[in-house]
Structure formats: C-alpha cells, structure tokens
Amino acid sequence: MKRIAMFVLALVSMFSASAEDGSRLWLRYDKVLRATVTGPECIAAQELRNYYDGERVNLVIDAAMAQDAYRIQGYTITAKNETGLLYGAYALLRGETGYSAPQWPLRILNHWDNLDGSIERGYAGKSIFWETSSGKQIDDNTPVLQRSEVLPLTGERREGLINYARANASIGINGTVLNNVNASPKMLSAPYLQQVKEIAAILRPYGIKVYLSVNFASPMALGGLKTADPLDKQVAAWWKAKAKEIYRLIPDFGGFLVKANSEGQPGPGDYHRTHAQGANMLADAVKPYGGIIMWRSFVYGANHKGEDRVKQAVSEFVGDDGKFRDNVILQSKNGPLDFQPREPYAPIFDNMLRTPQMAELQITQEYLGQSRHLVYLAPIWQEFFGFVNPDRLVGIAGVANIGMDRNWCGHHFSQANWYAFGRLAWNPRLTSEEIAKEWIRQTWGKTHAALLSMMLRSREACVDYMMPLGLHHIFKFDHHYGPEPDGFKANYPLEWCPVYYHQADSLGIGFERSHIGSDATSQYAEPYRSLYDDLRTCPEEYLLWFHHVPWAYRMRNGHTLWENIQEHYNHGVAEVEDFVRIWQDAKPFIDDQRWQETNDRLLHQLDNAREWRKVCLDYFRTFAEGKR
Ligand code: GCU
C-alpha cells in the first residue's frame with residue numbers, strides 16, 4: 001500500500017514539474033519524499049527529504065571539521081555547521097562521496113547591476129536585485145529615493161532570490177556583490193541599505209554573505225563633504241559612520257568592492273594619494289566588524305596614460321606592494337587587458353607578492369558572444385590556473401551572467417559557466433571535462449558525449465573565428481560583440497581602438513611587446529618572461545599578443561603566418577558548423593523548448609562566426625597580399 005502511494009506521489013510530482021524552460025538550472029530534481037533524515041533541522045535536511053532517493057541520511061555537526069568542508073560516508077554527512085551540511089547535501093544529490101573542502105574561503109559573484117535594474121554587460125534580462133517600483137530611471141541627479149520607491153521583495157521576486165541562493169549554495173558560492181563596480185553613490189543611501197538587509201536575510205540561510213561596490217566619492221555625493229580625500233579626517237569619519245550604519249543593519253556584511261581611478265571613476269588618485277592610502281582608509285572603517293575591501297587593479301588611461309595598456313596595472317600598483325592593510329585584497333582580472341577570448345595571464349600576479357590577491361574571472365560573456373554564442377568558459381579559467389598557482393590566491397570572484405530571463409543566463413549553455421565558476425571556486429583542480437560532464441548529466445538528464453565534445457571545443461572555436469593567434473580587442477566600439485578590425489576614432493582613447501591592438505601594416509601584424517617593443521614581457525616572472533620575449537619560443541596562441549610578425553613568417557606547421565590566420569578562421573567556422581550538426585542529431589534526446597531555443601542561438605552563432613571570418617580576412621588581406 002505504502003509503495004503504491006509513493007509511486008502515485010512520484011508520478012504526480014513528475015507531471016507537475018515545471019516545463020523544461022531552463023528555469024530549474026542544474027537542479028532539476030523532482031520531489032521523491034523518500035529519505036528519512038536525522039540530525040539538526042535545517043535546509044540541508046529539507047532538501048534531502050524532498051529530493052534524495054535513498055532511504056536515509058544522518059546529518060552530523062562536528063566542530064573539528066574545517067570551515068565549509070563536508071564528509072559523506074555511508075549514510076552520514078558530517079560538517080562544521082549547517083552551511084557545510086548544505087554543501088554536503090547537494091554533493092550527495094549529485095552523487096559525490098568522501099571528503100571535500102574548498103580551496104578558498106572567498107567564492108564570490110560580482111553582479112554589475114545598476115539600481116535602475118539594468119546590468120552592465122548583462123545579457124539575460126534585468127537585475128534580480130534592483131528595480132524601481134515606479135520604473136523610473138535613476139541617474140546621478142535623481143534625489144535619494146524613498147523606501148516606498150524601491151521594489152519590495154515579495155512574491156515571485158522573493159522566490160527567485162531563494163532559487164538563486166539555492167543554486168549558488170549547490171556549487172559552494174558563498175558571497176555576492178549586489179551592484180555594479182561602476183557604483184552609484186546612492187547604493188549607500190538608507191532605502192537601498194534596507195533592501196540590502198532584506199536580500200541578506202534571504203541569502204543568509206544558504207551561507208551567502210552580501211557585499212557592495214562603493215563609489216569612492218560617496219562622502220561628497222551623499223554626505224555633502226567637499227572632498228573624498230582619504231587622508232581627510234572628516235572623510236574617514238564619514239566612512240566609519242557609514243560602516244557602522246551598515247553593520248547595524250547587516251551584522252555579517254562582507255565588505256566593499258572598489259573600482260577607483262579607472263575608466264572615469266573617482267579614487268584616491270584625484271587627491272594625489274596612492275591606491276594603498278585609499279584602500280586602507282576604507283579597510284579601517286570595516287575592520288572592527290571583520291569586513292574586507294576588495295580593491296580592483298583594473299586601471300588604465302590615468303596615471304600611466306600612453307603606456308601600453310596591458311602594462312599599466314603593474315606600473316600603477318607595484319609601489320604599493322606590502323603597503324595594504326591585512327583586510328585589503330587586490331582583485332585582478334585573469335588577463336592584463338580585459339576578458340578577451342584568449343589572453344596570457346596578468347603579470348600583476350607575479351608582482352604583488354606581499355599583497356593578498358584574488359582573481360576576477362568573467363562569467364558573463366562580454367567578449368565571447370554574450371548570451372548568443374555557446375562558449376563554455378571553464379577551459380579559459382583552467383588555463384589561467386595553469387599559470388597562476390591557486391595557492392597564491394586568497395579568493396576568487398566571477399562577474400555574473402544572471403538576470404531575470406526565464407533560464408537565468410540567456411543561453412541554456414551559459415548556465416554551464418555559472419556552474420563551472422562555482423565548481424572551480426571550490427576546487428580549481430577539477431578539469432573542464434569533469435565539470436562539463438557533471439553539468440550535462442544534471443542539466444540534460446544523462447551524459448551526452450556529443451554535447452561534451454561541443455562544449456569542450458567551443459572556447460577554442462570562438463578564439464579561432466574571432467581572434468586567433470593572440471589577436472585581441474578587435475571588437476566593434478562599445479558593444480563588444482561583432483568585429484571591427486579597422487576601428488579607429490580620433491576622439492576615443494587609443495586603448496579602445498582595434499587598430500591599436502592588431503597593428504596590421506604592409507610588413508606584418510601583431511603588437512610588439514618584447515624588449516624591442518613595449519617591453520610588457522619584462523613584467524613576467526621567469527620562465528615566461530624569456531619564453532614570451534623571444535619570437536622563436538613564444539607559444540603560437542600568444543604570438544600576435546607579444547610580437548609584430550611578418551606575413552610570410554614560417555609557422556610551426558610550415559605554412560606562412562597569413563596562411564595560418566586564414567586556417568584558424570576557417571577552422572573556427574567549421575567547428576560551429578559541426579556544433580549545429582551535433583545539435584540536430586541530439587534533437588531526439590532533448591526536450592522541445594530547450595532544443596529549439598538552443599538551435600536558434602547556434603544558427604545565429606554560425607552567421608556571426610562567418611561574419612567575423614569575412615570581415616577580418618577581407619581587412620587583413622589588404623595588407624597581407626600587398627594591396628596597401
Ligand atoms: C570592461 C567593461 C566595462 C567594465 C570594466 C570593468 O571595460 O567593458 O563595462 O566596467 O571592464 O571591469 O571595470
């Protein structure tokens with residue numbers, strides 16, 4: 001009798017399960033209501049009771065366990081606290097056993113969300129955190145809002161945030177920065193801080209702390225002070241009072257993320273102070289509460305204007321090494337330029353050895369086809385960890401690709417990048433393949449070898465059809481999507497112009513960054529310094545990043561550089577043609593809506609890949625074949 005009841009229950013839950021529209025992410029569990037769970041009553045217990053299809057689970061708290069670690073042995077999950085049990089529960093649900101502990105204590109998403117609900121470089125709809133109830137656009141001149149004008153977190157919106165928290169907890173993400181690094185000072189006004197408090201309350205049970213990006217000039221914009229000079233006593237006092245206000249509302253608030261003196265943002269440099277002086281002033285404000293400052297090194301075009309852009313971060317920060325407070329972490333993008341499909345690692349990781357550092361990876365595909373192209377990013381991050389030892393970092397940040405779209409990320413396969421970020425943040429030694437397999441199994445129902453192959457080849461395909469052999473930043477102005485190799489605007493900073501980066505001329509192509517050029521290679525530690533500096537030893541995938549190379553140069557396959565460039569573009573397009581075929585063949589195994597939506601995107605990607613090839617080769621040909 002009991003068995004029949006259970007069968008009926010399972011059947012009902014099967015049919016009542018939401019349609020396959022991607023909204024359930026990789027957590028496509030149906031309720032089985034089978035397991036008896038003993039131990040502390042917590043979310044882990046609820047999740048297992050609902051979804052685990054074993055008979056029983058014991059949850060055990062053991063204070064001797066490491067923070068966030070879990071052990072799954074037989075029927076028992078052991079962890080230090082409820083968050084650890086939750087990580088263990090999700091691990092059990094995806095079939096893991098044994099002991100596991102995260103590489104870093106800080107595993108943080110960075111949302112570039114604006115207070116009006118728009119998202120900088122977001123391609124999956126509006127912000128899940130912010131929207132004005134009046135729909136009114138907020139800009140710098142809008143007066144501080146009343147509480148009633150900030151969207152209340154009720155109903156579906158609240159439900160969405162719970163699902164967001166759950167998805168993050170399932171992969172071990174334990175922090176989130178709620179607003180854009182290009183931060184509005186209004187973020188720190190009372191109505192918004194109330195909202196932050198409510199968001200924090202929703203995320204807290206899932207082990208997720210909230211952080212905020214702050215605008216360095218907030219004391220002026222919000223506090224009416226005449227300066228934001230970090231050495232001014234009133235300024236420091238303003239930040240101390242603000243920190244106190246925040247921690248009164250949110251006692252476990254994580255801290256601040258700061259973009260200063262970069263791309264027009266205010267910073268300590270406006271007062272001839274160093275980054276360390278700016279960061280330390282903020283660090284002192286949050287220190288009494290255990291808060292941290294994540295200070296970004298993404299700077300160019302200010303103090304070292306005119307220098308090769310990829311060198312500027314090191315030039316600007318190296319003098320500050322060892323001068324930061326112990327609760328400041330320098331946060332740097334994986335590459336020295338800006339989230340390109342392929343970059344060498346950023347040499348700042350070699351140069352700030354007395355400063356705690358975090359890497360910033362980009363999950364949203366700003367320069368990788370946005371949410372229109374299928375590009376699995378784990379290989380980029382794995383490549384980075386091959387150069388920068390994870391043990392040298394104290395944490396990891398990922399620029400989120402999450403929005404209000406039904407499937408969260410715009411493209412069903414972009415969900416894999418959110419998933420992979422979390423898994424690598426937990427264990428950077430997992431391979432791209434292992435992670436993709438896990439994700440495919442959970443997201444598409446079983447392991448599909450063809451889908452796996454497509455995902456694993458997708459990043460290299462993108463490099464090939466966009467910018468092979470170390471080419472970079474030849475995107476159209478502003479939107480960073482299509483190609484514009486002839487892009488040059490006299491009224492723009494040179495560092496935004498494609499022609500500055502590829503330097504194509506009648507002799508050859510590429511940016512000379514060896515000792516005979518900008519000498520960017522000198523910022524690297526050995527062995528990479530020498531390896532990259534010498535044209536003969538420079539790996540071909542970085543060739544045109546580091547060298548200006550003659551069109552007729554003989555490459556390792558015996559063909560000329562110009563022939564190689566064409567081969568790469570052709571290969572990139574052929575790969576996408578193959579992805580389209582793979583997806584056609586997969587149709588019988590995939591549910592309709594997700595199949596159709598992905599198919600539309602793949603066909604679009606193929607058009608784009610062909611466009612990239614045509615535009616770039618037509619342009620480069622005019623030099624390579626001596627027509628200029
Ligand atoms: C890139 C991106 C900007 C962003 C900036 C940053 O330049 O295009 O939108 O603000 O990086 O990371 O600060």
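A quick note: this is a predicted structure, and the numbers were derived from the prediction, not measured. Indexing begins at 1, ligand by ligand and atom by atom, following the structure's order.
- Side chains of Asn401 and Tyr123 form no contact here, defined as non-hydrogen atoms less than 4.5 Å apart.
- Ranked by closest heavy atom to atom 10 (O) of ligand 1, the top entry among Asn182, Leu337, Asp338, Val181 is Asn182.
- Salt-bridge annotation for Glu360 and Arg296: present, with a side-chain N of the basic residue lying under 4.0 Å from a carboxylate O of the acidic one.
- Counted within 6.0 Å of NE2 on His479, heavy atoms from surrounding residues, nucleotides or ligands total more than 12; the atom is thus considered enclosed.
- Residue Tyr300 places no N or O, backbone or side chain, under 3.5 Å from any N or O of ligand 1.
- For atom 2 (C) of ligand 1, the closest non-hydrogen atom of the protein is Glu366 OE2, 3.2 Å.
- Asp405 and Lys126 are not joined by a salt bridge, as no carboxylate oxygen comes within less than 4.0 angstrom of a charged side-chain nitrogen.
- Ranked by closest heavy atom to atom 5 (C) of ligand 1, the top entry among Arg296, Arg121, Glu263 is Glu263.
- The shortest heavy-atom distance from Phe339 to ligand 1 is not under 4.0 Å.
- Below 4.0 Å from some heavy atom of Phe298 lie the following atoms of ligand 1, by number and element: 5 (C), 6 (C), 7 (O), 11 (O), 12 (O), 13 (O).
- Residue Glu360 has no nitrogen or oxygen atom sitting less than 3.5 Å from a nitrogen or oxygen atom of ligand 1, judged on distance alone.
- Between Lys259 and ligand 1, an N or O atom pair is found at a separation short of 3.5 Å.
- When ring centroids are compared, Trp496 and Phe488 stay outside the 6.0 Å threshold.
- Between His502 and Phe511, the distance separating the two ring centers is not shorter than 6.0 angstrom.
- Counting the atoms of ligand 1 from 1 in the order shown, those under 4.0 Å from a heavy atom of His480 are 8 (O).
- In terms of protein heavy atoms, atom 11 (O) of ligand 1 is closest to Lys333 NZ, 3.0 Å.
- Regarding atom 3 (C) of ligand 1, its nearest protein heavy-atom neighbour is Glu120 OE2, 3.3 Å.
- Ring centroid separation for the pair Tyr376 and Phe413 does not come in under the 6.0 Å cut-off.
- Taking the six-membered ring for Trp, Phe253 and Tyr289 have ring centres at least 6.0 Å apart.
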